Engineer: 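Let me give you the structure first, and then I'll get to my questions.
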Amino acid sequence: MKQRQAASAVGTRTVLVVAHTGREAAVRSARFVVDGLAAAGLAVRVLPGEAAELASPAAQIAATPAEAVDGAELVVVIGGDGTLLRAAELARPAGLPLLGVNLGHVGFLAEADPEDLAEVVDQVAAGRCLVEQRMTIDVTVRANGSVTDTTWALNEATVEKTAREKMVDVVVEVDGRPLSRWGCDGVVFATPTGSTAYAFSAGGPVVWPEVEALLVVPISAHALFARPMVVSPDSELAAEVIGGPPGRAYHAGLTGGATPGADGQTDASGAVLWCDGRRRVDLPAGARVEVRRGARPVLLARLRRASKERDGAAPAGPEQAGGLFTDRLVAKFGLPVQGWRGQARTRLAPGQREEGRSGDA
């Protein structure tokens, strides 16, 4: 069946659907969302590289990524966190919110699970989704004082080694002052959103998304002081890549490898910058990676959900963001919460006092 080219009528609400078409479950879920939103009267676009696999007659094929987001109100993402990060590259410049349906392993960025697909369709069609801002980081790479690359990240920017048998040697700077020099596997600069991604795997703290902060997490550093750090969201961070400690650089020169310079550094750093695991920049010795709060956030759409009622509890109301994230942590990591009773909120008859309270204030 032939699909239509993207061309929404004036006044028609438009949604872009991005899917991990390499997974059959994601393809089936994406078709369900496309068909459901189209049946509700919305124009639904898909990317040209995904149209053949989705094969939905209700989908409009965008000719280019720019056309895909033009005039759209939302991006529904079917897949894991990697798919959502890919979609964020389209949505962030256009200021569009992303609503993720997780078909990956952990899926911290996703809002819904496959069993929530009908609810996703209903709430998107009704325009009932909430939108929250997630802090990003802007990243600048300098070599010999000149800017060589600029990029950004939602989760993290990582300066890391390129060879398994070697370390990368870096000096980390906070707000224009040197903090420490580490021989390590790498250094993660993360946002609160990224605290449950690479930074978490490296031993960093879990930071609730509504907390504004930046994280510095060394990876396997050979140093007495190499703890994860949480700094101001307005701090300016940097990592300067050194070719290697003087001893190692001298040995490399003797064995016919890289030749040390006057400062004891080799020419090759064996370092690379990764942003969200998607964008790579090779780093020569002496390169400087600067990280600061991003000028433009990523928008994440959330479904409107009410708190679940416990037996004998007061009527449920909308959950706070912190509570939703707590539930997400428990669910994603299977954290044990047996025995938790919470604060009892018994339903009281009119005029009845809560147990243990006197009427005297």
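All values reported here derive from a predicted model rather than from experimental measurement. All values below come from the heavy atoms of this structure, side chains included, with hydrogens, waters and symmetry mates left out.
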Engineer: Quick check: are there more than 12 heavy atoms from other residues, nucleotides or ligands sitting under 6.0 Å from CD of Q133?
Structural biologist: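 No.
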Engineer: Mind listing the closest non-hydrogen atom pair of A143 and T148 along with its distance?
Structural biologist: CB-CG2, 3.9 Å
Engineer: Report the C-alpha separation of M229 and L179 in whole Å, then their side-chain angles, then the decisive distance to 0.1 Å, and conclude whether the side chain to side chain contact (heavy atoms under 4.5 Å, CB included) test is met.
Structural biologist: CA-CA 11 Å; M229 287 160 281; L179 175 68; 3.5 Å; yes
Engineer: Side-chain contact test, heavy atoms from C-beta onward, threshold under 4.5 Å: evaluate it for N102 versus K332 and give yes or no.
Structural biologist: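 Contact flag for N102/K332 side chains = yes.
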Engineer: For S180 and V171, run side chain to side chain contact (heavy atoms under 4.5 Å, CB included): C-alpha distance rounded to whole Å, both residues' side-chain angles, the deciding distance at 0.1 Å, then the answer.
Structural biologist: CA-CA 6 Å; S180 187; V171 175; over 6 Å; no
Engineer: Shared ILVMFWY cluster between V124 and L54, side chains joined below 4.5 angstrom?
Structural biologist: yes
Engineer: To the nearest 0.5 Å, what is the distance between CG (L300) and CD (E111)?
Structural biologist: 9.0 Å
Engineer: Checking D169 side chain against I242 main chain: does a donor-acceptor pair fall under 3.5 Å?
Structural biologist: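 Here the side-chain-to-backbone pair does not exist.
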Engineer: Set out, in order, the CA-CA distance, both residues' side-chain angles and the distance that settles side chain to side chain contact (heavy atoms under 4.5 Å, CB included) for V101 and D116, then state yes or no.
Structural biologist: CA-CA 8 Å; V101 178; D116 302 318; over 6 Å; no
Engineer: Rounded at 0.5 Å granularity, tell me how far CG in L103 sits from NE2 in H20.
Structural biologist: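 L103 atom CG to H20 atom NE2 measures 9.5 Å (nearest 0.5 Å).
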Engineer: Would you mind listing every ring-ring contact (aromatic ring centres under 6.0 Å, His included) that reaches into residues 205-234, with sequence neighbours excluded?
Structural biologist: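 Counting only pairs at least two positions apart or across chains, the ring-ring contact (aromatic ring centres under 6.0 Å, His included) contacts touching residues 205-234 are W208-F325.
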Engineer: Roughly how far apart are L130 CG and L99 CG, rounded to 0.5 Å?
Structural biologist: 10.5 Å
Engineer: What closest approach, in Å, do D81 and L109 show between heavy atoms, and which atom pair accounts for it?
Structural biologist: OD1-N, 3.0 Å
Engineer: Does the side chain of T83 reach to within under 4.5 Å of the side chain of V18, using non-hydrogen atoms?
Structural biologist: yes
Engineer: So C184 and V168, do their side chains get closer than 4.5 Å, heavy atoms only?
Structural biologist: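 Result yes, sub-4.5 Å side-chain heavy-atom pair found.
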Engineer: Using modelled atom types and a 3.5 Å cut-off, is there a donor and acceptor pairing between side-chain atoms of Q123 and backbone atoms of R304?
Structural biologist: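 Side chain of Q123 to backbone of R304, a donor-acceptor pair under 3.5 Å: yes, one is there.
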Engineer: Tell me whether the NZ or CZ atom of R296 lies within the 45° cone about the ring axis of W152 and under 6.0 Å from its centre.
Structural biologist: no
Engineer: Of all heavy-atom pairs between V34 and S56, which one has the smallest distance, and what is that distance?
Structural biologist: CG1-OG, 3.4 Å
Engineer: For L335, look at atom CG and say whether over 12 heavy atoms of other residues, nucleotides or ligands are found less than 6.0 Å away.
Structural biologist: yes
Engineer: Name all pairs fulfilling the ring-ring contact (aromatic ring centres under 6.0 Å, His included) condition that reach into residues 172-207, sequence neighbours left out, sorted by first residue then second.
Structural biologist: F200-F333
Engineer: Does any part of the side chain of I219, heavy atoms only, come nearer than 4.5 Å to the side chain of T158, both counted from C-beta?
Structural biologist: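 Yes; the side chains approach each other to less than 4.5 Å.
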Engineer: Mind checking whether M135 and T193 have side chains closer than 4.5 Å, heavy atoms only?
Structural biologist: no
Engineer: Do R86 and L47 touch side chain to side chain, with heavy atoms closer than 4.5 Å?
Structural biologist: yes
Engineer: Let me know which of K166, K161, R164 forms a salt bridge (Lys or Arg N to Asp or Glu O under 4.0 Å) with D185.
Structural biologist: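 When K166, K161, R164 are each tested with D185, the salt bridge (Lys or Arg N to Asp or Glu O under 4.0 Å) holds only for K161.
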Engineer: Going from CZ on R45 to CD on Q60, what distance comes out if it is rounded to the nearest 0.5 angstrom?
Structural biologist: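 That separation rounds to 6.5 Å.
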Engineer: Say you draw a straight line from CD of E132 to CG of L299; how long is it, rounded to the nearest 0.5 Å?
Structural biologist: 9.5 Å
Engineer: Show me the pairs that pass salt bridge (charged side-chain N to carboxylate O under 4.0 Å, His left out) and involve residues 69-79, at least two apart or across chains.
Structural biologist: R13-E73
Engineer: Test your reading of the model: is there a side-chain donor-acceptor pair from D276 to the backbone of A153, 3.5 Å cut-off?
Structural biologist: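 A pair under 3.5 Å: no.
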Engineer: In terms of hydrophobic clustering (I, L, V, M, F, W, Y; side-chain heavy atoms under 4.5 Å; direct or indirect links), are V298 and V131 co-clustered?
Structural biologist: no
Engineer: Taking the side chain as every heavy atom from C-beta outward, state whether V139 and V289 have any atom pair closer than 4.5 Å.
Structural biologist: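 The answer is yes, as the side chains (C-beta and beyond) meet within the 4.5 Å cut-off.
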Engineer: Which atom names give the shortest non-hydrogen contact between E50 and V17, and what distance separates them?
Structural biologist: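 It is OE1-O, 4.1 Å.
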Engineer: Out of curiosity, does V76 fall in the hydrophobic cluster containing V46 (side-chain heavy atoms, cut-off under 4.5 Å, transitive links)?
Structural biologist: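 Yes, V46 and V76 fall within the same hydrophobic cluster.
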Engineer: Taking the side chain as C-beta and beyond, is there a heavy-atom pair between P97 and L74 under 4.5 Å?
Structural biologist: yes
Engineer: Any side-chain to backbone donor/acceptor pair from S232 onto D234? Under 3.5 Å, distance only.
Structural biologist: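 Side chain of S232 to backbone of D234, a donor-acceptor pair under 3.5 Å: yes, one is there.
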Engineer: Linking I/L/V/M/F/W/Y whenever any side-chain heavy atoms sit under 4.5 Å apart, do L154 and V188 land together?
Structural biologist: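 L154 and V188: separate clusters.
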Engineer: Please step through side chain to side chain contact (heavy atoms under 4.5 Å, CB included) for the pair R23 and I78, ending with a clear verdict.
Structural biologist: CA-CA 10 Å; R23 306 183 66 175; I78 316 291; over 6 Å; no
Engineer: Work out which heavy atom in S195 is nearest to a heavy atom in L215; give both atom names and the distance.
Structural biologist: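 In terms of heavy atoms, the two residues are closest at CB-CD2, 3.8 Å.
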Engineer: Any chain of hydrophobic side-chain contacts (each under 4.5 Å) joining V15 to L90?
Structural biologist: no
Engineer: Once you round to the nearest 0.5 Å, how far does CD of E160 lie from CZ of R280?
Structural biologist: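 If I round to the nearest 0.5 Å, the distance is 8.5 Å.
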Engineer: Provide the closest heavy-atom pair for I61 versus P48 in the form atom of the first, atom of the second, distance.
Structural biologist: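 Closest heavy-atom pair between I61 and P48: CG2-CA, 3.8 Å.
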